[in-house]
Engineer: 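Mind looking over this structure? Questions follow.
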Amino acid sequence: MRLVTWNVNSLKARMPRVLQLLEEVGPDVVCLQETKAEAAAFPADELAEAGYEAAHHSGGRWAGVAVLARSGRARGEEVHGLPGEARPEEARWVEAEVDGVRVISTYVVNGREVDSPWFAEKLAFLDAMAARVRALREARPDQPVVLAGDLNVCRDDRDVYDPAAFAGSTHVTAQERERLEALLDAGGLVDAYRDVDPDGQLFTWWDYRAGHFHKGLGLRIDYVLAGGLEVRDYAMLRDFRKGSKPSDHAPVLVELGRP
DNA sequence: ATGTCACACCGTGTGTGA
């Protein structure tokens, strides 16, 4: 399974680049985050013309997630929302079954400031993710799971361009990192990037401001976490962060296979 | 450099979220 995850920062604004990616990369499955679309305005027809069907959970102005699958692939149950989340209306979690694999696209709460109410919601969201993945794995141990998206956490200091500059900020706290490890444990999941490059450094997000992309000042906050599948290849598609009207995130491409 | 982008609103700019 050739799978892409991409925080597009508005699907409407990014549609030309999304169609370019579908054509050039030819993924089987695409997990999108921050689609920022009203359900009625989701561009399902345009995507269908490009050969993809969408399971989308749309919340309007903010957030919004989707799973695209090549037309004709076997599709199963679709789940909108994360059991136990505080604000289901924010549309941060969607599950789809494609070719027998449970595919999840998620956009984790940002958290804004450490010790703010939003940070507490972020930690609770990460806890609910682990509980959901554990429940899925226990209910169907033979079904592979891919959890992909913008987790808004840097797993360790290698995933941060300047750890000192981020001291005291969200995305790098012990509380967030402990929960990411707990999520991996709960689902028996592998961090696809670390699996293929245990000692490397690679980013997936760069601030639009101050030329951070050009200077290599980024974070790794977008992940593909795989359970019951082998990670055969991993690529961060840097070119999609360049050029005209890029997202502030690059897409990530993985090749997954049944062991 | 407080450095950018995208959204909604009744708007030729402001507030919100990232």
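Chain A is the first sequence line, chain B the second, and so forth, proteins listed ahead of strands; every chain is numbered from 1.
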Engineer: Which whole number of Å gives the distance between the P atom of B:dC10 and that of B:dA6?
Structural biologist: 22 Å
Engineer: Atom CG of A:Asn7 and atom C1' of B:dG17: how far apart are they, to the nearest Å?
Structural biologist: 13 Å
Engineer: What class does the angle between the rings of A:His57 and A:His80 fall in, given that below 30° is parallel, 30 to 60° is tilted and above 60° is perpendicular?
Structural biologist: tilted
Engineer: Indicate yes or no: does A:Glu53 engage A:Arg73 in a salt bridge with an N to O separation below 4.0 Å.
Structural biologist: no
Engineer: Round to a whole Å and report the spacing from CZ of A:Arg92 to P of B:dG17.
Structural biologist: 11 Å
Engineer: Using Watson-Crick or G-U wobble geometry with both distances below 3.5 Å, tell me the partner of B:dT12, or none.
Structural biologist: none
Engineer: Mind running side chain to side chain contact (heavy atoms under 4.5 Å, CB included) on A:Asn152 and A:Val109 for me, showing each step along the way?
Structural biologist: CA-CA 7 Å; A:Asn152 269 321; A:Val109 176; over 6 Å; no
Engineer: Check the phosphate of B:dT2 against A:Arg209, side-chain N and O only, distance under 4.0 Å to OP1 or OP2. Yes or no?
Structural biologist: no
Engineer: Separation of A:Asp248 atom CG from B:dC7 atom P, in whole Å?
Structural biologist: 13 Å
Engineer: Can you measure A:Trp206 atom CH2 to B:dA18 atom P for me and round it to whole angstrom units?
Structural biologist: 20 Å
Engineer: Do A:Glu38 and A:Lys12 meet the salt-bridge criterion of a basic N to acidic O distance under 4.0 Å?
Structural biologist: no
Engineer: Work out how far the C1' atom of B:dT16 is from that of B:dG11, and round it to whole angstrom.
Structural biologist: 16 Å
Engineer: Would you say A:Gln20 has more than 12 foreign heavy atoms packed within less than 6.0 Å of its CD?
Structural biologist: yes
Engineer: Need to verify one output field. Residue with the more 5' nearest nucleotide on DNA chain B, A:Lys215 or A:Asn9?
Structural biologist: A:Lys215
Engineer: Among the nucleotides B:dT4, B:dG17, B:dA18, which one has an atom lying closest to any side-chain atom of A:Tyr208?
Structural biologist: B:dT4
Engineer: What is the separation between atom CD on A:Glu90 and atom C1' on B:dT16, rounded to the nearest whole Å?
Structural biologist: 13 Å
Engineer: Which whole-number value in Å describes the distance from A:Glu34 CD to B:dT16 P?
Structural biologist: 18 Å
Engineer: For nucleotides B:dG3 and B:dG15, find the distance between their P atoms and express it as a whole number of Å.
Structural biologist: 15 Å
Engineer: Nearest whole Å is fine: how far is B:dC5 P from A:Gln33 CD?
Structural biologist: 21 Å
Engineer: Given B:dA6, is OP1 or OP2 found less than 4.0 Å from the side-chain N or O atoms of A:Lys245?
Structural biologist: yes
Engineer: Ignoring the backbone of A:Arg112, work out which of B:dA8, B:dA6, B:dG17 is nearest its side chain.
Structural biologist: B:dG17
Engineer: Assign each of A:Ala210 and A:Asn152 to its nearest nucleotide of DNA chain B by heavy atoms, then name whichever residue's nucleotide is nearer the 5' end.
Structural biologist: A:Ala210
Engineer: If we take the C1' atom in both B:dG13 and B:dA1, what is their distance in whole Å?
Structural biologist: 22 Å
Engineer: In whole angstrom, give the distance that lies between atom CD of A:Glu113 and atom P of B:dA18.
Structural biologist: 11 Å
Engineer: What's A:Tyr107 touching, base or sugar-phosphate or nothing? Going by heavy atoms closer than 4.0 Å.
Structural biologist: sugar-phosphate
